Amino acid sequence: MLYPDEYPTCWSERELAELNERFWGNLLEGEEGGGKFESKWELQLEGATTEVRLLAAECLLVYYLITGGVGIERKLQMINRTVGVDHPELHVTPDSAAYEALGTWISDPGRYYNSRQDIHVGYLMELALRLKRLPSDKKVALLHQNPWRFVQFAEGGEHQSETMRHVVCHLLYPEHFERIASNRHKELVLKTFGDLDSSGQDAGQDERLYSIRQALKERLPEWDESRRDYYQPDLEPIWRPASNSDDTAPTDPAFALEFKKQIVFHGPPGTGKTYQARQLAKRLIRTAALQRWGVGDYFNDVGAVDRAVADHVTSLQMHPSYGYAEFMVGLRLDADGGTSYQLGALPRLVERMRTEQQEMAERALPHVLILDEINRTDLSTMFGEAFSAMERDKRGVEIDLFAEGNDGEQIRFAIPKDLYIIGTMNEIDQSVEALDFAMRRRFFWFATPFDEEGLFSIWKAQWSEQSVRVDWNDAEPHLDELAEGISRLNARIGELPDLGPEYELGQAVFGDLPYFIGLEWRTKRNVRRNGNYLWEASGKVRAPLHSLWALSIQPVLAQYLAGSDRRAEQLAELEQLLMTRSSS
């Protein structure tokens, strides 16, 4: 690709076989070979011919084309280091077409794509070798207007990377395959827009997505192709998941909520549980509006959709004094001094849903009830008789409440099928086991630990909001090292007898780092471009990282360890784990 005339055999079967043997035949795992992809990669390429090194560099080039999560300087460094110092004339330079392509990006496949180069690049080189070994006529058949057969071929190798397979298919057949690198994202798009699919029962995932794409073109003819992109503002809020779970997670909360009707996000403080709950609730309402109102009505009055989202999500903050009377039904004083039963939050919401159903029929939208910090109240007591009515097969079945209405008749109540409940819970306040088993089994439980991708999302947003003068791409290598330190810190917190996994720190605790970096460089005339914003070249910790520890992290850990006899010693150990550079 870079030098087709000078090195025409670069992608030959022989060179591909050697590269695969050097990689798959000499796997370096864990801490072997320096523990990082670049150091292992260099060892695997040691002694390779110029053609093989150029081939390896071009595999990296294909890998980097998709992602904006790696800065162009980092991409350039890795590609040129792979070509080798002995051939500077083959290096990618800023005036080349390759450099221009690397400076743009096709998608944002997430940190798993960026952090596991070995899996994705290894898949690419094996796929290319398998293709080269086919008879010429079969190769031609796969590569010329046969997208669905090609994806079947791409799924057939020994070493798989679904992410890289999606990337390759899009690069080869951009008209047929979406620029979506995540299998989970494709599943969610299908779930949301599935009513538009007319491809038939035997169609594969990508064929169904292609069918939906054609339907969107037909129903939204005034939109150009870029606006119909699933990552653009018109479409992304409808389907995009709230969580950053990767494709290896058991299932996405959206699928679980639809089936079970109730889920709980649980984990340490600061991991974005409430945010995930709200985003999931909004996405559920938007999906329902798209499906029940139709594509035309949905996009003809987006303001009505926004109002519906706001009106159909109810949040309740749980606390010890919140109980059955407030949630279900309780006695209240009348204006004349008497008492009568009055409905609580849940029956009032159900009455509202019943009215909407009568007025709007099939256009009525579901409601989502968010119960924040569910372990701060006695949940079983709070639900009372509605405890059993929560189950999906009991939805819509009326039960008697132990209360009478103004007419003297027993109040009857049923939880609608279209009411979804999302709970959040900090394990540090009270463990999951504190909820009785019968209540626990009525929910699906989603652990929300520290999320590195979520942390980088926070940092990027703060970088823009704080107008940090430091270039993000220049600082990112240090941020990657800090993220590794945070993982070490949390792993040790999980091991300490005085703490445990429930005391691990969530990404929100580290979210103020861009502020401290911006503060450090706000008054300096010249901003460095050597990347030393958290550590000096010598490894000495700079002021922004000191500030983050002193003002955000240390006070939390000190409180956690308040009763420990080894408090000072453990704090010092945890500080060292966070502050030490992974490369030192």
Side-chain angles (χ1 to χ4, degrees), residues 184-185 187-189 191-193 233-245 249 251-267 271-293 298 302-318 322 327 345-354 356-357 360 363-377 379 382-383 386 390 392 395 415-426 442-448 451 454 457 508:
R184 183 64 49 77
H185 284 195
E187 290 175 355
L188 286 164
V189 169
K191 178 180 182 296
T192 301
F193 296 91
D234 288 307
L235 298 183
E236 187 177 31
I238 309 174
W239 68 267
R240 186 69 188 258
S243 67
N244 291 308
S245 59
T251 189
D252 192 274
F255 293 98
L257 182 61
E258 182 180 48
F259 171 78
K260 191 73 170 178
K261 306 295 186 181
Q262 293 96 215
I263 67 170
V264 172
F265 292 111
H266 66 96
T271 53
K273 296 178 292 296
T274 300
Y275 173 78
Q276 287 191 44
R278 289 173 179 166
Q279 293 301 107
L280 177 58
K282 292 176 182 178
R283 199 197 69 77
L284 187 148
I285 304 303
R286 289 187 182 279
T287 299
L290 178 76
Q291 294 171 346
R292 299 180 188 185
W293 296 0
Y298 184 100
V302 176
V305 177
D306 292 339
R307 291 190 294 274
V309 169
D311 291 343
H312 287 72
V313 179
T314 302
S315 295
L316 296 177
Q317 179 67 53
M318 300 292 95
Y322 198 94
F327 190 68
L346 182 58
R348 290 199 305 271
L349 179 57
V350 170
E351 285 289 337
R352 180 181 166 193
M353 292 182 67
R354 184 179 293 115
E356 289 178 2
Q357 184 65 45
M360 301 183 66
R363 289 175 64 88
L365 299 178
H367 279 253
V368 180
L369 176 61
I370 297 175
L371 303 178
D372 225 354
E373 307 291 2
I374 63 170
N375 53 326
R376 291 189 173 183
T377 188
L379 207 61
M382 187 182 82
F383 271 91
M390 296 169 64
R392 62 190 304 271
R395 294 298 186 95
I415 298 182
K417 294 180 180 180
D418 251 6
L419 175 60
Y420 298 87
I421 301 173
I422 305 176
T424 71
M425 190 174 83
N426 278 335
R442 282 164 169 75
F443 293 84
F444 278 150
W445 297 80
F446 284 86
T448 52
D451 175 25
S457 296

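Note that the structure is predicted; figures quoted are calculated from it, not measured.
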| query | Rounded to the nearest 0.5 Å, how far does CE of M382 lie from CG of L316? | reply | 7.5 Å
| query | Is any side-chain heavy atom of V189 closer than 4.5 Å to a side-chain heavy atom of E187? | reply | no
| remark: Looking only at heavy atoms, the pair that brings Q276 and T271 closest together is NE2-O, 3.9 Å
| field | Contacts of E236 that satisfy side-chain hydrogen bond (donor to acceptor under 3.5 Å, both in side chains) - sequence neighbours left out | value | R240
| query | For T274, which residues count as a side-chain hydrogen bond (donor to acceptor under 3.5 Å, both in side chains) partner, sequence neighbours excluded? | reply | D372
| task | Answer yes or no: is there a donor N or O on one side and an acceptor on the other, between the side chain of Q291 and the main chain of T192, under 3.5 Å? | result | yes
| query | Which heavy atom of M318 sits nearest a heavy atom of L371, and at what distance? | reply | CE-CD2, 4.0 Å
| remark: Tested for side chain to side chain donor-acceptor pair (under 3.5 Å) against K273, the lone hit among N426, T448, T424 is N426
| query | For R307, what residues pass the side-chain hydrogen bond (donor to acceptor under 3.5 Å, both in side chains) criterion, not counting sequence neighbours? | reply | none
| message | If the condition is side chain to side chain contact (heavy atoms under 4.5 Å, CB included), which residues does A508 pass it with, not counting sequence neighbours? | response | none
| message | If the condition is ring-ring contact (aromatic ring centres under 6.0 Å, His included), which residues does F443 pass it with, not counting sequence neighbours? | response | none
| said: Run the side chain to side chain contact (heavy atoms under 4.5 Å, CB included) test against R395 and tell me which residues pass, sequence neighbours left out. | reply: K261, Q262, I415, K417, L419
| query | Got a donor-acceptor contact below 3.5 angstrom from the D252 side chain to the F255 backbone? | reply | no
| request: Assess whether side-chain contact (heavy atoms from CB on, under 4.5 Å) is satisfied between I374 and V264, documenting all intermediate values. | output: CA-CA 9 Å; I374 63 170; V264 172; 3.8 Å; yes
| Given side chains that start at C-beta, do those of T377 and F327 come closer than 4.5 Å, heavy atoms only? | no
| query | Closest approach of K191 and A254, non-hydrogen atoms and distance? | reply | CE-O, 3.9 Å
| field | Y322: partners by ring-ring contact (aromatic ring centres under 6.0 Å, His included), with sequence neighbours left out | value | H319
| field | Shortest non-hydrogen separation from A256 to F446 and the atoms involved | value | CB-CZ, 3.4 Å
| task | Locate the shortest heavy-atom distance separating L235 from W239; write the atom from each residue and the value. | result | O-CD1, 3.2 Å
| request: Please tell me if the side chains of I238 and V305 come closer than 4.5 Å, counting only heavy atoms from C-beta onward. | output: no
| said: List the residues meeting salt bridge (Lys or Arg N to Asp or Glu O under 4.0 Å) with D306, not counting sequence neighbours, and say none if there are none. | reply: R286
| remark: Looking only at heavy atoms, the pair that brings Q357 and A364 closest together is OE1-CB, 3.7 Å
| query | Side-chain contact, heavy-atom cut-off 4.5 Å: E258 with P366? | reply | no
| Is any side-chain heavy atom of I421 closer than 4.5 Å to a side-chain heavy atom of F383? | yes
| task | Kindly write out the residues that satisfy side chain to side chain contact (heavy atoms under 4.5 Å, CB included) with K260, not counting sequence neighbours, or none if the list is empty. | result | F444
| query | Could you go step by step and tell me if I370 and T314 meet the side-chain contact (heavy atoms from CB on, under 4.5 Å) rule? | reply | CA-CA 6 Å; I370 297 175; T314 302; over 6 Å; no
| field | Residues E356, R352: salt bridge by 4.0 Å N-O rule | value | yes
| query | Does a side-chain heavy-atom distance below 4.5 Å link R392 with F259? | reply | yes
| request: Go through the steps for L257 and L284 under the test side-chain contact (heavy atoms from CB on, under 4.5 Å), then give the verdict. | output: CA-CA 9 Å; L257 182 61; L284 187 148; 3.6 Å; yes
| request: Taking side-chain hydrogen bond (donor to acceptor under 3.5 Å, both in side chains) as the test, write out the residues that go with T287, two or more places apart. | output: R283
| query | So, R354 and E351, do they make that salt bridge, N to O below 4.0 Å? | reply | yes
| query | For the atom pair CG (L369) and CG (L349), what is the distance rounded to the nearest 0.5 Å? | reply | 6.0 Å
| request: Please identify each residue that fulfils side chain to side chain contact (heavy atoms under 4.5 Å, CB included) with A308, with sequence neighbours left out. | output: W293, H312, L365
| Going through the checks in order, is the side-chain contact (heavy atoms from CB on, under 4.5 Å) test met by I285 and V368? | CA-CA 8 Å; I285 304 303; V368 180; 4.0 Å; yes
| F193: ring-ring contact (aromatic ring centres under 6.0 Å, His included) partners, not counting sequence neighbours | Y230
